[in-house]
Colleague: 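If you scroll down you'll find the structure; I have some questions about it.
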Amino acid sequence: MSPLLDSESAPLPQRHLSRLRDLEKNLESYLAMGFILLYAVLVVYKILSRLLFDAYSFVWLQEVIIGLFVWAAWLSTASLVRSDDHIRFSAVIKRLPRWGVYGVYCIEWLLWLTLSGVIVQYSLRYIGQSVRSGTTITGTPIPEYLLYLSVTVGFALVFVRTFQQFVIVTRKYRAGEELLTGSDLGSE
C-alpha cells in the first residue's frame, strides 16, 4: 500500500504532513513530469500540424520545446541527487568498509556543492544580463530569462538536495545503518 493510501486513515493533520513530506521528497519529479508532458504535447502538435495540415508551426514553439526539455533535465538532476539514484560505480563502492563508503559520499557531496555553487553564481550573472536586455522568446511576450532560469533553479535545488543527502546519510552512518540506498548502476 502506498504511503498516501495509508495516511487516509490517519487524523487530518497527519494526512497533511504525509502529503507535504511526499511533495517535498518528490517536488522536482512532479515538476519535471509536468514539463515532459507539456513538451510531448507540443512536439505532437508540431508534428501533426506539419503532416496533416501542411502548416508551419508557430515560430516560438521550437524555443519553448527546448526550454521545457532543459527545465525537465535540471529538475530531474536535483531529484536524482535527492533520491541518491544518480550514476555511480556501486561495484567498487560496495567493497569498501563503511568509513570508506562514507568518505566517498563526503567527496561526492563536496563536488556536488562546489559545482552547483559555481554554476548558480555564474548563471545568476547571465540571468541578470538577460533581464536587463529585456529579450523575449521569439514571437511571444515571454521573457527569455525564464528559459535560462532552469539552470539556476536546477542547480540551486541540487545544492539543497545534496545538503539533505548529507544529513540523511550522516544519520545512517552514525546509526550503523546501510549507506548505499540508490540504484546499483555500474554493479552488474
Colleague: When clusters are formed from ILVMFWY side-chain contacts under 4.5 Å, directly or step by step, what else is grouped with Phe159?
Modeller: Leu113
Colleague: Keeping the roles fixed (side chain from Thr170, backbone from Val167), state whether a donor-acceptor pair exists under 3.5 Å.
Modeller: no
Colleague: According to a 4.5 Å side-chain heavy-atom criterion applied to Ile, Leu, Val, Met, Phe, Trp and Tyr, with indirect links allowed, do Ile168 and Trp109 form part of one hydrophobic cluster?
Modeller: no
Colleague: Can you tell me if Ser79 uses its side chain to pair, donor with acceptor, with the backbone of Leu75 under 3.5 Å?
Modeller: no
Colleague: If you count every heavy atom of other residues, nucleotides or ligands that lies below 6.0 Å from Trp74 atom CH2, does the total exceed 12?
Modeller: no
Colleague: Can you find a side-chain donor-acceptor pair between Arg132 and Gln129 that sits under 3.5 Å?
Modeller: no
Colleague: Are Thr135 and Glu144 close enough that a side-chain donor and a side-chain acceptor fall under 3.5 Å?
Modeller: yes
Colleague: Aromatic ring centroids of Tyr105 and Trp112 under 6.0 Å?
Modeller: no
Colleague: Please say yes or no: joined through hydrophobic side-chain contacts below 4.5 Å, possibly via intermediate residues, are Val64 and Leu37 part of one cluster?
Modeller: no
Colleague: May I ask you to decide if the ring planes of Phe69 and Tyr39 are parallel, tilted or perpendicular, using 30° and 60° as cut-offs?
Modeller: tilted
Colleague: Report yes or no: do Val160 and Leu80 belong to one cluster of Ile/Leu/Val/Met/Phe/Trp/Tyr joined by side chain heavy-atom distances under 4.5 Å?
Modeller: no
Colleague: Give a yes or no on whether Arg174 atom CZ has more than 12 heavy-atom contacts from other residues, nucleotides or ligands under 6.0 Å away.
Modeller: no
Colleague: Between Trp71 and Phe35, what is the ring plane arrangement, given parallel below 30°, perpendicular above 60°, and tilted in between?
Modeller: tilted
Colleague: Is there a path of hydrophobic side-chain contacts, each under 4.5 Å between heavy atoms of I/L/V/M/F/W/Y residues, joining Tyr30 to Leu68?
Modeller: yes
